[in-house]
Amino acid sequence: MTQSVVVQVGQCGNQIGCCFWDLALREHAAVNQKGIYDEAISSFFRNVDTRVVGDGGSISKGKICSLKARAVLIDMEEGVVNEILQGPLRDVFDSKQLITDISGSGNNWAVGHKVFGSLYQEQILEKLRKSAEHCDCLQCFFIIHSMGGGTGSGLGTFLLKLLEDEFPEVYRFVTSVYPSGEDDVITSPYNSILAMKELNEHADCVLPIDNQSLFDIISKIDLMVNSGKLGTTIKPKSLVTSSAGAVKKRHQKPFDAMNNIVANLLLNLTSSARFEGSLNMDLNEISMNLVPFPQLHYLVSSLTPLYTLADVNIPTRRLDQMFSDAFSKDHQLIRADPKHSLYLACALMVRGNVQVSDLRRNIERFNVLLTKCPLAHCQTVP
């Protein structure tokens, strides 16, 4: 098994990262009920003996002692990181994985990229090297950041160049959250444009997420739940809500629900790296199959079924409908209509107990539909 390191940058990156780690822990706990440190857990977590003084002794086999996330947390404001360290995930991180400041980047790309980049370059490299040394076979770096803020856009893209220079053979997989057109930060469009240049040059694969699309999805979910058609019973121990009080908190902080959608996307995307399977798709294969040219590395992502994101008990949707929904504009995490675009390649990652014959039948069905359209061609990667 290979390992990956998650680098969370800025307020948005750390909040999404916090949701991801919580969901991943709960998913592994549901599967690995004996508490054995296996290869699935080792892909994103270290097993540390806290009795050993210093960095802690890593334990490769046996019972789980203390899990530490393979992560580096960076933010030029202390608020979000301190909140994580005081929350239920405080034992998953330690001070050696954190880089924080007090002043913040003031929603200015140049401050994050030029000022804090040069100021914290050596510290960032040291944390990244330490994380890499704890991996037996480092496969990729997952960078989570926003494009509108100063730290996320500036420092987040600065470390991409560091990773390219220091770890040229390791994939750089970036999840970038773009501001909506109604963003109240006046500098966010400029930050996004300046950060885009760095993403073009130094990232291997980018998953752009649009805040407006996330907001629209949450609005649709709330509308469906409030209509009463799908039922409103909350599933116990759901892997979608990040905690027992997440549903209440979602109405107080709208971004919590939006962050949870992105975290679920990353959870499903990394499932093949975290669990064994006969048809698993390696993370490197995503870049190899879906990126036709180095700078054409932006992927449009979708998630279905959306109903699970509302944690409501509903009948299981038919696989055929889920395939159709994956190409619907209502299920895209960026504002785009796939039916009016050109496909160079497409990957459909399915989780669950699904028959291969059903998958092949739906793939053939979509190939027939898309070949009838002169503007669309779909090469599906199983």
Side-chain angles (χ1 to χ4, degrees), residues 3-33 35 37-38 40-50 55-56 58-59 63-100 127-128 130-131 134-135 141-146 151-152 175 177 236-250 252-253 255-271 273-274 311:
Q3 293 84 41
S4 300
V5 175
V6 177
V7 186
Q8 307 167 191
V9 189
Q11 176 179 338
C12 177
N14 280 288
Q15 288 175 336
I16 292 174
C18 182
C19 291
F20 168 76
W21 292 115
D22 182 55
L23 293 172
L25 280 171
R26 293 168 61 191
E27 191 172 70
H28 282 289
V31 175
N32 186 355
Q33 297 183 0
Y37 184 71
D38 54 17
I41 298 179
S42 69
S43 57
F44 279 83
F45 294 93
R46 295 170 54 220
N47 191 20
V48 176
D49 187 351
T50 54
D55 196 28
S58 295
I59 305 171
K63 281 280 187 181
I64 295 174
C65 291
S66 178
L67 288 180
K68 297 293 181 183
R70 300 186 187 274
V72 177
L73 283 63
I74 304 172
D75 198 358
M76 294 299 100
E77 292 179 350
E78 296 179 313
V80 175
V81 174
N82 285 342
E83 188 177 331
I84 294 173
L85 296 180
Q86 294 169 7
L89 295 179
R90 57 185 176 275
D91 294 330
V92 181
F93 310 101
D94 58 44
S95 58
K96 297 175 182 177
Q97 298 173 265
L98 315 176
I99 298 176
T100 60
K127 306 286 186 190
L128 293 172
K130 279 288 185 183
S131 298
H134 291 141
C135 299
F141 287 101
F142 272 94
I143 296 94
I144 309 174
H145 72 126
S146 71
T151 301
T175 301
V177 180
K237 298 181 180 179
S238 168
L239 290 176
V240 178
T241 51
S242 59
S243 64
V247 178
K248 289 183 179 179
K249 190 168 67 172
R250 171 159 55 191
Q252 297 170 1
K253 299 179 180 179
F255 283 106
D256 289 340
M258 295 163 67
N259 292 339
N260 248 351
I261 294 177
V262 184
N264 271 274
L265 174 70
L266 297 178
L267 188 78
N268 295 323
L269 185 68
T270 59
S271 62
R274 294 182 292 111
D311 287 343

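In this text the structure is predicted, and so the values were computed from the model without any measurement.
- One finds the CG atom of D75 at 13.5 Å from the NE2 atom of H145 (value rounded to the nearest 0.5 Å).
- Of all heavy-atom pairs between K127 and L98, the closest is CE-O, 3.5 Å.
- N47 places a side-chain N or O within 3.5 Å of a backbone atom of C65 that can act as its donor or acceptor partner.
- Atoms CD1 and CG, from I84 and L89 in turn, are 7.5 Å apart once rounded to the nearest 0.5 Å.
- Between L23 and A263 the shortest heavy-atom distance is CD1-CB, 3.9 Å.
- Side-chain contact between Y37 and L67: present, with at least one pair of heavy atoms (C-beta onward) separated by less than 4.5 Å.
- Atom OG1 of T100 is separated from atom CD of E78 by 4.5 Å, given to the nearest 0.5 angstrom.
- For the side-chain hydrogen bond (donor to acceptor under 3.5 Å, both in side chains) test, residues two or more places apart in sequence or in another chain that qualify with N14 are Q8.
- Of the possible donor and acceptor atoms, none in the side chain of E27 sits under 3.5 Å from a partner among the backbone N and O of S271.
- Rounding to the nearest 0.5 Å places CZ of F20 at 10.5 Å from CG of L265.
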Stepwise side-chain contact (heavy atoms from CB on, under 4.5 Å) check, F45 with V92
CA-CA 9 Å; F45 294 93; V92 181; 4.2 Å; yes

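- The two atoms that bring I41 and H28 nearest to each other are CG1-ND1, 3.7 Å, heavy atoms only.
- Nearest heavy atoms, V72 versus S131: CG2-OG, 3.5 Å.
- Between I144 atom CD1 and L73 atom CG the span is 9.5 Å, to the nearest 0.5 Å.
- Of the inter-residue distances, the one linking I99 atom CD1 with L128 atom CG reads 7.5 Å to the nearest 0.5 angstrom.
- Residues meeting the side-chain hydrogen bond (donor to acceptor under 3.5 Å, both in side chains) test with N82, sequence neighbours left out: none.
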Test side-chain contact (heavy atoms from CB on, under 4.5 Å) applied to D94 and K68, step by step
CA-CA 8 Å; D94 58 44; K68 297 293 181 183; 4.3 Å; yes

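- Counting only heavy atoms from C-beta outward, the side chains of R70 and Q3 approach each other to under 4.5 Å.
- Shortest non-hydrogen contact noted between C135 and V5 is SG-CG2, 4.0 Å.
- Side-chain atoms of Q15 do not come within 3.5 Å of backbone N or O of C12 as any donor-acceptor pair.
- Side chain of N264 to backbone of N260: a donor-acceptor contact under 3.5 angstrom is found.
- Using a 4.5 Å cut-off on side-chain heavy atoms (C-beta onward), F93 and W21 make contact.
- Among residues two or more places apart in sequence or in another chain, the side-chain hydrogen bond (donor to acceptor under 3.5 Å, both in side chains) test is passed with T270 by R274.
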